[in-house]
Amino acid sequence: MTAFHAMQEKGIMLQTTEVGEYFYIDWYQGFHGEEYVLAMRDVLAEKGINGIKIERAE
């Protein structure tokens with residue numbers, strides 16, 4: 001399979017995957033900083049989604 005996607009330089013892209021009883025969210029953004037991903041983590045926690053881990057932010 002061949003796949004292609006284009007993303008604006010300043011955009012944010014989320015991909016979600018469910019494996020067993022876990023959801024994985026891949027967060028891609030075209031700019032520096034982790035404030036948006038941390039804000040998303042906080043919103044999910046407020047909605048009752050527990051066990052949120054951020055494995056890497058660069």
Side-chain angles (χ1 to χ4, degrees):
M1 181 173 105
T2 301
F4 171 81
H5 72 270
M7 186 173 115
Q8 292 180 326
E9 185 176 324
K10 302 278 184 188
I12 294 175
M13 180 175 62
L14 297 175
Q15 296 177 334
T16 59
T17 306
E18 185 265 342
V19 178
E21 59 188 54
Y22 297 97
F23 283 91
Y24 296 88
I25 300 173
D26 295 313
W27 179 285
Y28 301 94
Q29 65 184 34
F31 50 89
H32 295 287
E34 57 183 32
E35 10 340 287
Y36 289 104
V37 73
L38 295 177
M40 176 65 125
R41 176 204 58 195
D42 295 344
V43 168
L44 292 173
E46 289 172 7
K47 299 297 180 185
I49 299 174
N50 301 313
I52 299 168
K53 297 178 189 173
I54 297 176
E55 292 186 8
R56 185 174 74 199
E58 299 176 3

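Below, each value reflects all heavy atoms present in this structure, side chains not excepted, and no hydrogens, waters or symmetry copies.
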Next on the checklist: Could you report the tightest heavy-atom contact between Glu21 and Glu18, atom names first, then the distance?
Outcome noted: N-OE2, 4.4 Å
Item to check | Contact check, side chains of Asp26 and Leu14, non-hydrogen atoms, under 4.5 Å | outcome: no
Next on the checklist: Between Trp27 and Ile12, is there a side-chain heavy-atom distance shorter than 4.5 Å?
Outcome noted: yes
Distance (rounded to the nearest 0.5 Å) between [X] [atom1] and [Y] [atom2]:
{"X": "Lys53", "Y": "Tyr22", "atom1": "NZ", "atom2": "OH", "answer": "7.5 Å"}
{"X": "Tyr24", "Y": "Gln15", "atom1": "OH", "atom2": "CD", "answer": "15.0 Å"}
{"X": "Ile54", "Y": "Met40", "atom1": "CD1", "atom2": "CE", "answer": "11.0 Å"}
{"X": "Thr16", "Y": "Phe23", "atom1": "OG1", "atom2": "CZ", "answer": "7.5 Å"}

Checklist entry - How would you list, by chain and number, every residue that makes a side-chain contact (heavy atoms from CB on, under 4.5 Å) with Ile49, sequence neighbours excluded? => result Leu44, Ile52
